[in-house]
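Reviewing the structure listed below.
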Amino acid sequence: MGTTELLIALDRDGSVPLQQQVCDQFVALVRSGRLRPGDTVPASRELARQLDVSRTVILRAYELLRANGVLTARRGSGTKVAGIEGREPNAAGQPAPRAPLAPQPPRPTDAGHTLWQPWEPPPMPREGGALDFRHGTPALSAFPVARWRQSLAEAYGRADDASLGYGLAEGSPALRTEIATLVRQARALDASPERIVVTNGATQAMDILVRALVGPGDVVVIEDPSHTVLRQIFGASQAAVVPVPVDEEGLRVMDIDTRVRAAGHDPARVRLAYVTPSHQFPTGCVMSQSRRRALVEWAHARGATVLEDDYHNEYAFSGERLPALAADGRRNVVVYVGSFSKTLFPALRIGYAILPQHLVRPFLGIKWITDRLTPTVEQEALAHFISSGAYARHISKMTRLYRERRRRLLEALYEHFGAGVRISGEAAGLHVLVTLPGLRGRDEHEIARRAARLGVRIYPASGYYVLDPPSEPAFLMGYAALSTARITEGTALLAAAVREPSGARPA
C-alpha cells in the first residue's frame, strides 16, 4: 500500500485510548472490505506521520491487531491484512473476495482498562484442517441429529395456535417441568416450574438479571479470572464491576469487601456476585463447601444476589459432585442459570434461569419487553427429547467420549512437557488450564503465534485475568471437539512451537 492514506479519524478528546481507536478502525475497514486479505498496510512510522501521533501509538495498535489475527507481519514483506497465504491478486474483472468478518472488539468503557480486554478470536475454519483447542465447543459430530429430528417432527406434528403464536414469556410448561426434574435429580435443586424461566441461552438470563437488579452506583462482583464476555455483559450496565480473586477453593469470599473498598466503592452497594462454582472458568476449580456456605451468608448479610452459572455441570470425571449452590434454599439469594448449548449444540439457544420467587415477576417483565418469547416449538421438541430418555442417553455417551479425550490430552501433555506441567480443571468440564514449566518470562502470545504457524490454535490464559495474570505461559485448552488422534497431533505441534528458538521464522 506504500504511502496510501487510510481513512482513519481519531477523537483526541475522547476517553478511548488512541491505540484502541486505531485498532477499532482497522477492524472496521476490514469488515467493510476496504482493507482486504493480503493488502499491505502503511509502515508504523508512515501511519504515525499521517495521523499526527506518536509512533508508539501505532506500534502498540499493530501489536494488538497482530495478536488478534487481524494483521500479519513477515520480515521483508511488511505488515499485511491477514488472509490466505499465497493467494494471487485479483485478476481484472474478477469479483473481489469478501473480507473475513473479524470480530469487532467491544469499545472499552473504562479508558482501555484491562477489565475489558481482550476479545476472543473466532473458531478456526475447518477447511484448512487446523487443530483448534478452542474451549466451549462440544463434539457436534456426535450429536444424534436423526433422534433430534424425530423430536422436532413430533413437536411440529402437535403444534397448535398457541405454540405457533406468541407463547408464554416464561417458556413452554412442558420444558419447564422437564428442567425442574433434571435439576432436582442431577443438582439436588428442588424448584417448581413456576420459578423457572426459559431464555435464549444463559447469556440472556444474565443480561436480564443485571437489568432487574443493578442501577447507577451499584457494584457487581465477578471472579478473577473470568470470561471476557460476562465482563462485557456486566460492564454494559451502570454498575461498577469489581474482580475478586479465585483460588483452589473458588471465589475468595473473605476478600470481597476488601476488594470493593479498594476499588473505591461501598460493599453495601454490591447487588450481584457472579460465580461458576461447579467448574470455575477458566481455572476449572470446584468451589468448596465452606466457601459456598460463606458466599450465601455474605450475600444474605449484604442484601445481594448470587448468580450461579452452572458451567459444564453435566460433565464430571472424578470426585464427588456437590449440589448446586442454589440447592440450599434457606437464604433465598441465589439465581441458578443453566444452558443446553454445551450438552446439545450452541445454535439451539435455549437456556434457563431458576429464580427466587420474588424475582420471577421482575425478570419476566424484562424478558417480555426484550424478546417476547423464546421460540416455542423448539422448546416442545427439547421437552420431548428429554422425556423420551434421548437426552440422558446422549449425556451418558458424551461423558464416556469426553473422558477418553480428556485422558488422551493429559497423557500427551505429560509426555511432551514432563511431570512439571501444571494442569487444573481436569476433574470436570470440557477444557483444562495448562501452565507450561520452566518458561518463566516467555511470551505466551508468541508461543500461540508459533503454534498457529504450525497449524494449531491455543488460547493464552492471561487475557482472562484482571489483577494477577500467570507468571509462566498458560493456555486454555478445550478438547471436546477433537478426536484422540487430533489431540495427540496438536499437543506434539504445541511442544514443537515451544521448542522453537526465540526469533525463529518459518522457511
Side-chain angles (χ1 to χ4, degrees), residues 138 143-144 147-148 151-152 154-155 158 162-163 167-209 276-279 306-316 321-329 332 334-361 363-364 366-368 371 373-396 398-399:
F143 179 71
R147 185 64 191 79
W148 175 248
S151 291
L152 279 174
E154 196 276 342
R158 290 191 296 105
S163 54
L168 300 171
E170 57 265 42
S172 154
L175 179 57
R176 287 186 286 128
T177 297
E178 294 298 336
I179 291 171
T181 301
L182 281 178
V183 297
R184 183 177 69 253
Q185 294 175 351
R187 308 300 292 128
L189 173 51
D190 191 4
S192 66
E194 289 71 29
R195 290 174 46 207
I196 299 173
V197 177
V198 179
T199 60
N200 292 304
T203 303
Q204 187 192 38
M206 296 179 208
D207 177 56
I208 293 175
L209 195 63
T276 50
S278 61
H279 188 245
V306 176
L307 198 170
E308 177 181 12
D309 184 359
D310 208 12
Y311 186 73
H312 286 176
N313 81 82
E314 296 86 356
Y315 300 116
R321 295 182 65 182
L322 295 174
L325 189 64
D328 182 356
N332 215 29
V334 181
V335 173
Y336 179 97
V337 171
S339 168
F340 294 96
S341 294
K342 304 301 186 295
T343 53
L344 299 180
F345 55 96
L348 184 60
R349 302 313 304 144
I350 293 182
Y352 55 92
I354 301 179
L355 302 149
Q357 193 62 52
H358 69 278
L359 289 179
V360 172
R361 287 182 64 83
F363 191 98
L364 272 177
I366 295 171
K367 186 175 191 304
W368 194 90
D371 73 351
L373 81 159
T374 301
T376 305
V377 178
E378 285 79 0
Q379 293 182 50
E380 294 290 331
L382 179 54
H384 180 267
F385 191 77
I386 296 171
S387 66
S388 70
Y391 181 80
R393 289 192 295 273
H394 178 62
I395 295 297
S396 178
M398 299 313 291
T399 300

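What you are looking at is a predicted structure, and each value in this text was computed from that prediction instead of being measured. As a basis for the values below, the full set of heavy atoms in this structure was taken, side chains included, without hydrogen atoms, waters or symmetry mates.
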Treating Arg195 as the side-chain partner and Leu355 as the backbone partner, does any N or O pair qualify as donor plus acceptor under 3.5 Å? yes
Checking side chain to side chain donor-acceptor pair (under 3.5 Å) for the pair Ser278/Arg187: CA distance, chi angles, key distance, verdict? CA-CA 10 Å; Ser278 61; Arg187 308 300 292 128; 4.5 Å; no
Side-chain touch Glu170/Val198, heavy atoms, less than 4.5 angstrom: no
Taking the side chain as C-beta and beyond, is there a heavy-atom pair between Asn200 and Pro375 under 4.5 Å? yes
Quick one, Pro356 and Val335 - any side-chain contact, counting heavy atoms below 4.5 Å? yes
Taking the side chain as everything from C-beta on, heavy atoms only, tell me whether Leu344 gets closer than 4.5 Å to His394. yes
Just how far is it from atom OG1 of Thr203 to atom CG of Asp309, taken to the nearest 0.5 Å? 8.5 Å
Are Pro277 and Glu308 side-chain neighbours, meaning at least one heavy-atom pair lies under 4.5 Å? yes
Which value, rounded to the nearest 0.5 Å, describes the distance between Leu307 atom CG and Thr276 atom OG1? 10.5 Å
Which heavy atom of Tyr352 sits nearest to which heavy atom of Ile196, and what is that distance? CB-CG2, 4.3 Å
Within a strict 4.5 Å, meaning less than it, do heavy atoms of the Pro138 and Pro346 side chains meet? yes
Nearest 0.5 Å, what's the CG-OH distance between Leu189 and Tyr336? 7.0 Å
Please evaluate residues Arg349 and Gln204 with respect to the criterion side-chain contact (heavy atoms from CB on, under 4.5 Å), reporting the C-alpha separation (whole Å), side-chain torsions for both, the decisive distance (0.1 Å), and the verdict. CA-CA 10 Å; Arg349 302 313 304 144; Gln204 187 192 38; over 6 Å; no
So does Ala392 get a backbone contact from the side chain of Ser396, meaning a donor-acceptor N/O pair under 3.5 Å? no
Does Ile386 offer a backbone N or O that forms a donor-acceptor pair with the side chain of Glu178 under 3.5 Å? no
For Asp207, enumerate each residue passing the side chain to side chain contact (heavy atoms under 4.5 Å, CB included) test, keeping only those at least two apart in sequence or located in another chain. Arg211, Ile233
So among Phe385, Tyr391, Phe345, which one has a ring pair (Phe, Tyr, Trp, His ring centres under 6.0 Å) with Phe340? Tyr391
Roughly how far apart are Ser339 OG and Ile350 CD1, rounded to 0.5 Å? 9.0 Å
Between Val197 and Ala169, which heavy-atom pair has the shortest distance, and what is it? CG1-O, 4.2 Å
Please list all pairs meeting side-chain hydrogen bond (donor to acceptor under 3.5 Å, both in side chains) that have one or both residues in residues 375-384, counting only residues at least two apart or in different chains. Ser151-His384, Ser172-Glu380
Please check if any side-chain donor atom of Asn332 sits under 3.5 Å from a side-chain acceptor atom of Gln357, or the reverse. no
Arg184/Thr181 under side-chain contact (heavy atoms from CB on, under 4.5 Å): CA gap, chis, key distance, verdict: CA-CA 5 Å; Arg184 183 177 69 253; Thr181 301; 3.8 Å; yes
What's the spacing between Glu154 CD and Ser387 OG if we round to 0.5 Å? 8.0 Å
Contact between Arg176 and Pro173 at the side-chain level, heavy atoms closer than 4.5 Å - yes or no? yes
Which of Val183, Val334, Asp310 passes side chain to side chain contact (heavy atoms under 4.5 Å, CB included) with Ile354? It is Val183
Rounding to 0.5 Å, atoms CD1 (Ile366) and CG (Asp371) come to a distance of 12.0 Å
Looking at side-chain heavy atoms only, is the closest gap between Thr199 and Phe363 below 4.5 Å? yes
